[in-house]
**Student:** 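Sharing a structure here in structure tokens format.
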Number of protein chains: 4
Amino acid sequence: MTKAERTRELIITKAAPLFNTKGVAGTSMSDILEVTKLAKGSLYVHFEDKEDLAHAVVDYHIERLGKAIETALGKAASAQGKLLAYIDLFMDPVNPLLAGGCPMLNFGMESDDTDQVIRKKICSFMDTGLKLIYSIIKSGKDNGEFKADWDGKEFSIRMFATIEGGIMMSRIAGDNKTMKVIARGLKKEIEDHSA
Amino acid sequence: MTKAERTRELIITKAAPLFNTKGVAGTSMSDILEVTKLAKGSLYVHFEDKEDLAHAVVDYHIERLGKAIETALGKAASAQGKLLAYIDLFMDPVNPLLAGGCPMLNFGMESDDTDQVIRKKICSFMDTGLKLIYSIIKSGKDNGEFKADWDGKEFSIRMFATIEGGIMMSRIAGDNKTMKVIARGLKKEIEDHSA
Amino acid sequence: MTKAERTRELIITKAAPLFNTKGVAGTSMSDILEVTKLAKGSLYVHFEDKEDLAHAVVDYHIERLGKAIETALGKAASAQGKLLAYIDLFMDPVNPLLAGGCPMLNFGMESDDTDQVIRKKICSFMDTGLKLIYSIIKSGKDNGEFKADWDGKEFSIRMFATIEGGIMMSRIAGDNKTMKVIARGLKKEIEDHSA
Amino acid sequence: MTKAERTRELIITKAAPLFNTKGVAGTSMSDILEVTKLAKGSLYVHFEDKEDLAHAVVDYHIERLGKAIETALGKAASAQGKLLAYIDLFMDPVNPLLAGGCPMLNFGMESDDTDQVIRKKICSFMDTGLKLIYSIIKSGKDNGEFKADWDGKEFSIRMFATIEGGIMMSRIAGDNKTMKVIARGLKKEIEDHSA
DNA sequence: TATGAATGAGCCTTCATTCAT
DNA sequence: TATGAATGAAGGCTCATTCAT
């Protein structure tokens, strides 16, 4: 990793929690300077402008979340285990994996009317997640873990939506009670479809 | 209504879509001046500062959404009808009731780490909504519409979360497909619990 | 004159010598703040941006120079007197009427490749000047002051060009010797065409 | 020519049209980096600072213009031919010899109040040009081409000024009409003084 | 109450330049 | 010599807000 790459990475990693916490509009370049301890012009050596940095930060969040999911699911042997692991990953929205909470919610809700590049990045990551859940269910049906008549497509969409909604509710409430109810419900449904 | 009250109302109604679309941080007082066509100082005659206005705007959104729900549900005679009406109200996130989309998602996700007053307003409105759904189910169970063993508390939370998650997904995707799948699932579940 | 008009006028009059001396690109908004003793944002109450202010300053220079010519020529009774008065007005480029020198030269030469609005303003003022000289010659011929066969069009262009070139040369040299030679030549030519 | 000298030359030749077009203040070191495709630090290997480069660029313009004059006049056999050749060299200000137009006008007018080094360079080049014209007239008088009573000093100054003024006027107007009138006038005067 | 000029902190960004590599 | 990352002052401009009218 060259020096430039290291600095770029430093900026992204330091800026990431700020953007995810205060939003893109709510975070100033000065805020980022402060946490990176870099000099004024330095940010612009590595990023064209605030927008460019914001996009890189979104990519970073997507990558981190993607890897976290991959890791968590990698530890599970069965399809059912993977689904449960996925749910568990989002069980604590008050102390989330990524400071500020789920970047899909944060960046998605800020960008839907204001930044189409970010919206599309989040959209494509959402699709990836959806497809992942679907593929797990499918493989579970293929290997006999899950009942063959389970509608994997419908469930993957609903599970995804429910989790995100649960995260939103828990973060707004400031406690995880809601998320727990939701997780229990989803898990029960998964178990109900075990063969 | 005095002239002052009317001006105040004008500011709030014109500012509301801006805040809900671009966020609080992303909306400037000048943006609001522009759409209200008021003079610079006028805003501060009616609101202490931007924060104060933002809070009033959140209240306004809550009130409007609350009334829309009330109206929609008022038209339905049965408990089941009310639940279905509630779902239908959120069926078109791409062309939402309130410009910018669901204010609980927008203000909730922007404020969770930045503005505790807004967060609490959204939180308490969320509670109201949750309780409303719960009370409908309860009354449905009381009058024999719904099976007595239906867990109303769990379902109301899950329904709320799923709808919000569905709104989020549809807005990020830019189309309502997701929302339709979710609505169908929730409605089926409701019907499955009809007595 | 309203307060706003007074402030606007203050900014223009204070900024004018700066722009005419250091050029538009070479003058910063901070330079202007300093001489006007206004606060940061105040400039933008009266002007959209630096370009807008620069255009107003060019207009101001044009107006002042136009009025100075008008006044000087007004004092002369005859056509010949007017032509000589015009020349006299530009006789001291080292201590010019307008700080920084002839705005046609300064703004014209800076803007020809960079700001078409300024270029056109200067161009149209130049045309006015040209037409003025021509009309003086014509009226002199009409009233019998000048010989009828004098080519007024050619001379007005050449007189204008020679004066501007003389200003340029004197300012570059830092002394008025060149300008004096030129003035003498032009005046002789005018006298040679007296009837 | 060493590599360093070649790079230095490259920078100057690429920077020259920029400075002559947008002015010194209006041209940034980044602009120059862009057209030279050099690395950031490289400029400062060859030039102390922007001022130093600007001075070199002025020298370059002076040298090019000087050589162009020399070449054009070299082709003419008689003194009269040389004077006419000189005038012809400046006949098309809209598509000038040097991109941006006459460097004496451009750098002269920008520098007269801001950069004494540039001003003096232009001043001394102007003197050279003036002396050249004078010497041509003198030699023409010596060899009997021109009338002995022609005031060569006065005419050389006036011719120089008129041409520069004509360039200015044509560039501001965006067409060469003015310049043509002026050239015709000067040429006629030259012919009128032929012996 | 309403106005809009004025404020000055702060915004994002570019500037000329330096310096470690 | 050449590189390009780093610097921090300064650039133009917008911000939320105040205040005299």
Side-chain angles (χ1 to χ4, degrees), chain A residues 2-8 10-11 25-33 36-54, chain B residues 2-8 25-33 38-54, chain C residues 2-8 10-11 25-33 36-54, chain D residues 2-8 25-33 38-54:
Chain A
T2 66
K3 177 128 195 268
E5 282 168 339
R6 275 206 316 274
T7 306
R8 194 185 146 91
L10 168 82
I11 295 170
T27 303
S28 74
M29 293 303 256
S30 311
D31 292 339
I32 293 161
L33 285 176
T36 55
K37 270 146 197 173
L38 285 170
K40 269 246 160 96
S42 301
L43 290 181
Y44 294 90
V45 173
H46 303 280
F47 301 95
E48 268 197 7
D49 50 26
K50 191 188 176 185
E51 206 184 25
D52 186 26
L53 170 56
Chain B
T2 67
K3 180 157 188 235
E5 282 168 339
R6 262 185 292 129
T7 305
R8 193 186 147 91
T27 303
S28 72
M29 294 303 256
S30 309
D31 292 338
I32 292 160
L33 247 34
L38 286 172
K40 210 131 229 188
S42 300
L43 289 181
Y44 293 89
V45 173
H46 301 281
F47 301 95
E48 263 193 17
D49 51 24
K50 190 186 175 184
E51 206 183 25
D52 186 25
L53 170 55
Chain C
T2 67
K3 176 128 194 269
E5 283 168 338
R6 276 205 317 275
T7 306
R8 196 187 145 91
L10 168 83
I11 295 169
T27 304
S28 75
M29 292 305 256
S30 313
D31 291 340
I32 293 161
L33 286 175
T36 56
K37 268 145 197 175
L38 286 171
K40 266 230 164 120
S42 301
L43 291 181
Y44 295 91
V45 172
H46 303 279
F47 300 95
E48 270 199 5
D49 50 25
K50 189 187 176 184
E51 205 184 25
D52 187 25
L53 171 54
Chain D
T2 67
K3 184 161 185 231
E5 281 168 339
R6 262 184 293 129
T7 305
R8 195 186 145 89
T27 303
S28 73
M29 294 302 257
S30 309
D31 291 340
I32 292 160
L33 247 34
L38 285 173
K40 209 127 227 196
S42 300
L43 289 183
Y44 292 90
V45 172
H46 301 281
F47 301 95
E48 261 193 19
D49 51 24
K50 190 187 174 181
E51 206 184 25
D52 185 25
L53 171 55

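Lettering follows sequence order; numbering is per chain, from 1.
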**Student:** Does S42(D) have a side-chain nitrogen or oxygen under 4.0 Å from the phosphate oxygens OP1 or OP2 of dA2(F)?
**Tutor:** no
**Student:** For a quick check, with a 4.0 angstrom heavy-atom cut-off, what is the B/S/- contact string for nucleotides 16-21 of chain E, read 5' to 3'?
**Tutor:** SBB---
**Student:** Please report, rounded to the nearest Å, how far the P atom of dA5(E) is from the NZ atom of K37(C).
**Tutor:** 23 Å
**Student:** Measure CG/D52(C) against P/dG12(F) and give the value in whole Å, please.
**Tutor:** 15 Å
**Student:** Once you round to the nearest 0.5 Å, how far does CG of L33(C) lie from CG of L43(C)?
**Tutor:** 4.5 Å
**Student:** Could you pull out all residues at least two apart from D52(C) that satisfy salt bridge (charged side-chain N to carboxylate O under 4.0 Å, His left out)?
**Tutor:** none
**Student:** Just checking A4(A): base, sugar-phosphate only, or nothing, at a heavy-atom cut-off of under 4.0 Å?
**Tutor:** sugar-phosphate
**Student:** Given a 3.5 Å cut-off on both pairing distances, which stems involving DNA chain F, each at least three consecutive Watson-Crick or G-U pairs, are present, if any?
**Tutor:** E:2-21 with F:2-21
**Student:** Please report, rounded to the nearest Å, how far the P atom of dC15(F) is from the CG atom of L43(B).
**Tutor:** 13 Å
**Student:** Whole angstrom is fine here: how far is it from CD1 in I11(A) over to C1' in dA6(F)?
**Tutor:** 11 Å
**Student:** Choosing from dA5(F), dA6(E), dG8(F), which nucleotide comes nearest the side chain of K3(A)?
**Tutor:** dA5(F)
**Student:** Looking at residues at least two apart in the chain, or sitting in another chain, which of them share a side chain to side chain contact (heavy atoms under 4.5 Å, CB included) with T7(A)?
**Tutor:** K3(A), I11(A), L38(A), H46(A)
**Student:** Tell me, do L53(C) and M29(C) make a side-chain contact under 4.5 Å, heavy atoms counted?
**Tutor:** yes
**Student:** What is the distance from CG of L38(A) to C1' of dT13(E), rounded to the nearest Å?
**Tutor:** 16 Å
**Student:** Think H46(C) has a side-chain N or O under 4.0 angstrom from the OP1 or OP2 of dA6(E)?
**Tutor:** yes
**Student:** List the residues meeting side chain to side chain contact (heavy atoms under 4.5 Å, CB included) with E5(C), not counting sequence neighbours, and say none if there are none.
**Tutor:** M1(C), T2(C)
**Student:** Going by side chain to side chain contact (heavy atoms under 4.5 Å, CB included), name the residues that satisfy it together with S30(B), two or more places apart in sequence or in a different chain.
**Tutor:** S28(B)
**Student:** How many Å lie between CZ on F47(C) and C1' on dG12(F), as a whole number?
**Tutor:** 15 Å
